[in-house]
Protein chains: 2
Amino acid sequence: MNKKQITLSDLAKELGISTATVSRALKDYPDISDETKVRVLGLAKKWNYRPNSMAAGLRKRESKVIGVIVPDIINHFFSSVIKGIMSVAYDADYRVMLMQSDESFEKEQVDAEALFSSRVDGVLVSVAHGTKSYEHLLQFNNSGIPIVFFDKVPKEVVDSSKVMVDDFHGAFSVVEHLLEQGCRHIAHFRGPQLASTSINRYEGYLAALKKYDLPVNEALILECEELTLEEGQAFTNRILNSGQPVDGIFAVTDAVALGTLVALREAGKKVPQEIAVAGFSDWKISAILDPPLTSVAQPSEEMGTLAAKLLLKEIAGMKDDEEVSPETIILRTELKIRKSSMKKTFL
Amino acid sequence: MNKKQITLSDLAKELGISTATVSRALKDYPDISDETKVRVLGLAKKWNYRPNSMAAGLRKRESKVIGVIVPDIINHFFSSVIKGIMSVAYDADYRVMLMQSDESFEKEQVDAEALFSSRVDGVLVSVAHGTKSYEHLLQFNNSGIPIVFFDKVPKEVVDSSKVMVDDFHGAFSVVEHLLEQGCRHIAHFRGPQLASTSINRYEGYLAALKKYDLPVNEALILECEELTLEEGQAFTNRILNSGQPVDGIFAVTDAVALGTLVALREAGKKVPQEIAVAGFSDWKISAILDPPLTSVAQPSEEMGTLAAKLLLKEIAGMKDDEEVSPETIILRTELKIRKSSMKKTFL
DNA sequence: CTGAAAGCGCTAACAC
DNA sequence: GTGTTAGCGCTTTCAG
């Protein structure tokens, strides 16, 4: 039971050489005799030596860690993005420090500070609903730490790379589809005012209505805070009880759409005959429901890998003092038409 | 645009005092005059000073980081556990370095090494299916770094704390319930041979059959590798085509159970009248399916918070050179009976 | 091919 | 109440 952790100088002492030589041997440096290399490697393995990356990081001024801030890990979309990020990080020999903002501006600020203190080499952020200013994130830029935003990006112009999905077009296409199916009174359960994604989806919804010269009925637009199944359920009941005519519902997220389906089932409404339903995210289970849910698929894991690759590129550029100009990548969504919206089939 | 990061000595120089004093002022030390404290804090804020935690860590021999290794982040169960871990870590001012083993023994080893190199203060691990030995994890113990296992724990006796759910009893109770409902030919889609959770659930299944003096029909026991919906679907079809009598199916996981439901729906089998179905995990959506799925609920987020608290306690004990004896916490599951298994109602 | 020495940024005795 | 000093473990000139 060896409580003490092995250091370079432990190895050096035992071999009667300098720490510099040990360090070089371990790093497979050119100017080192095969003999010492073998001896060093042998002893390192014997003692199970593991370099202290805090020491190396301090010296080299790089931590080999990237920080990630997401609003909520449980969300399947974000956990997929994280998976993508982690696989790229792994391949590039970077570690991932994960933070969760819980959609809170204050927590996001604390998280950002912690990442800064950890001297992460770069940061990936999807901003919280509650975020209203960006100084806490811009400090990274100002200190030479690249930052790449993904999914929910700052509304104001920020001089950083961004990776997002085409929420506007995704929403537009699904609402257009509902219209094509004959819907004329489409409700929209939108997301929070401040989130870039919900704004864009909302605008896609408006644009589709406009294309069909339909008026916007404010009574049919409800704003989710939690984006939960329960909210979808409650909003659906509210709409049904309002007496407003409704023949279609577009929910900002599949979670909300599922709540909608449950409420409609309980109210004895036929989907899609009486009310067509569509969501956004294309959860795996959405496809196996009865009726299967029409939704907009977004490439989540790909978003993670792209964002991470972009970040690593910028980190590398930073090291070489290159000029790295920010990029913006917009990923295409894909409309998945399923029974929940196929009104025409039942005419 | 200030690329250089502010250090203690930058502040010290500007104030004409020593770095030690600055450090103490920042830490709110007792023996420091209010005047200097104010001056230091003011300047630190002005320059947006952030301590370099690599330097502090190197000096104090603690990183304030805990490492977490899970098989798969996308899995809702694990992301819930992680959420629990992160909230405890956040409150205790610890950071989380997250690793994903992808159920691979080799990757788990690499991950463990990386965490070790990062000199994390403690480690939380749920072992991969493929893990067949534990030296890579025991090295933490041997170096004075506490490790707490959760959910999928090492089979062999390991002198570390563990937090798990009572898989055996959970499985036993749900299979017993199926038997009470009149099932006599219950299939089990089990998980991988090496995973502690699937072993325990399998044994719970066997024990329930035994209690009813029923023979074990090997033809009705199929082993999942991926634990996916697709596997559940395929296995269900295989069983149906085999001609074996079946009136109940217990799937090791809700994902697999959902696949089962889909296959049964496609085959035109009535659930639960012809075949009762039950899962394990109690996914949120399982409750809103038609029919709603009977399942075994396990407290995932709580598992994360308990494991993290245990770990922090051991880290604290380690610092104070106390003897910390490993604990094992077993969390109760809860049987959620829903329509998919309620055969009796239809008699 | 190898060693000596300096230093990354911080903290903690120990002085005074 | 504050400064001096040493050193955490590593990398990297610069010598030789």
Side-chain angles (χ1 to χ4, degrees), chain A residues 3-41 43-44 47-65 116-121 143-145 319, chain B residues 3-41 43-44 47-65 116-121 143-145 319:
Chain A
K3 294 284 174 191
K4 187 181 175 295
Q5 282 156 15
I6 314 298
T7 70
L8 270 191
S9 75
D10 292 333
L11 300 182
K13 234 168 274 171
E14 180 154 348
L15 292 171
I17 56 180
S18 76
T19 63
T21 307
V22 178
S23 174
R24 284 187 278 236
L26 255 15
K27 290 284 143 48
D28 213 22
Y29 252 63
D31 278 353
I32 205 91
S33 78
D34 282 348
E35 197 211 325
T36 44
K37 203 179 289 184
V38 171
R39 290 180 64 215
V40 169
L41 259 39
L43 194 65
W47 288 120
N48 199 27
Y49 169 76
R50 298 275 173 267
N52 181 328
S53 59
M54 289 193 286
L58 182 59
R59 175 66 230 240
K60 297 203 292 184
R61 300 154 152 285
E62 65 168 8
S63 58
K64 283 287 186 180
V65 175
F116 196 99
S117 258
S118 297
R119 295 295 189 271
V120 293
D121 293 341
S143 311
I145 298 175
K319 273 214 294 208
Chain B
K3 294 285 176 191
K4 187 180 173 298
Q5 282 155 14
I6 314 298
T7 70
L8 271 191
S9 75
D10 292 333
L11 300 182
K13 233 168 272 170
E14 180 154 349
L15 292 171
I17 57 181
S18 76
T19 63
T21 307
V22 178
S23 173
R24 285 187 278 235
L26 254 16
K27 291 283 144 49
D28 212 23
Y29 251 61
D31 279 354
I32 205 93
S33 77
D34 282 349
E35 197 211 325
T36 43
K37 203 179 288 184
V38 170
R39 291 180 63 216
V40 169
L41 257 40
L43 193 67
W47 289 119
N48 200 26
Y49 169 76
R50 298 274 174 269
N52 181 328
S53 58
M54 288 192 288
L58 182 58
R59 175 66 231 238
K60 297 203 291 182
R61 301 150 154 286
E62 65 168 8
S63 58
K64 284 285 185 182
V65 174
F116 196 99
S117 259
S118 298
R119 295 296 188 269
V120 293
D121 293 342
S143 312
I145 298 175
K319 272 213 294 207

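Just so we're on the same page: letters track the sequence lines, and every chain starts at 1.
Residue B/Tyr29 places no side-chain N or O under 4.0 Å from the OP1 or OP2 atom of C/dT11. Here B/Tyr49 reaches the OP1 or OP2 of C/dC10: one of its side-chain N or O atoms lies under 4.0 Å away.
The CG atom of B/Asp28 sits 14 Å away from the P atom of C/dT11 (whole-angstrom rounding). Counting to the nearest Å, the P atom of C/dT2 and the CG atom of A/Leu8 are 16 Å from each other. Here the P atom of nucleotide C/dC10 and the CD1 atom of B/Ile6 are 10 Å apart, to the nearest Å. Rounded to whole Å, atom P of C/dT2 lies 17 Å from atom NZ of A/Lys27. For the pair A/Met54 CE and C/dG7 P, the interatomic distance rounds to 23 Å; values are reported in whole Å.
A 4.5 Å side-chain heavy-atom check between B/Leu11 and B/Tyr49 finds at least one atom pair inside the cut-off. Taking 4.5 Å as the limit, every side-chain heavy atom of B/Val65 sits out of range of all side-chain heavy atoms of B/Arg119. A/Ile17 has its side chain within reach of A/Val40: a pair of non-hydrogen atoms, C-beta onward, lies under 4.5 Å apart. A/Lys64 places none of its side-chain heavy atoms less than 4.5 Å from the side chain of A/Ser53. Residues A/Val22 and A/Leu43 are not in side-chain contact: their nearest non-hydrogen atoms beyond the backbone lie 4.5 Å or more apart. Here the side chains of B/Leu58 and A/Asn52 are in contact, with some heavy-atom distance below 4.5 Å.
The CZ atom of B/Arg39 sits 9.5 Å away from the CD atom of B/Glu14 when rounded to the nearest 0.5 Å. Interatomic distance, CG of A/Leu41 versus OG1 of A/Thr36, reported as 10.0 Å (0.5 Å rounding).
Remark: B/Arg59, B/Lys60 in residues 57-65 of chain B come within less than 4.0 Å of DNA chain C through at least one heavy atom.
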Protein-nucleotides 2-5 of chain D N/O pairs under 3.5 Å:
from, atom 1, to, atom 2, distance (Å)
D/dT2, OP1, B/Ser33, OG, 3.2
D/dT2, OP2, B/Ser33, N, 3.0
D/dT2, OP2, B/Ser33, OG, 3.4
D/dT2, OP2, B/Thr36, OG1, 2.9
D/dG3, OP2, B/Ser18, N, 3.0
D/dG3, OP2, B/Ser18, OG, 3.1
D/dG3, OP2, B/Thr21, OG1, 2.5
D/dG3, N7, B/Arg24, NH2, 2.7
D/dG3, O6, B/Arg24, NH1, 3.0
D/dG3, O6, B/Arg24, NH2, 3.2

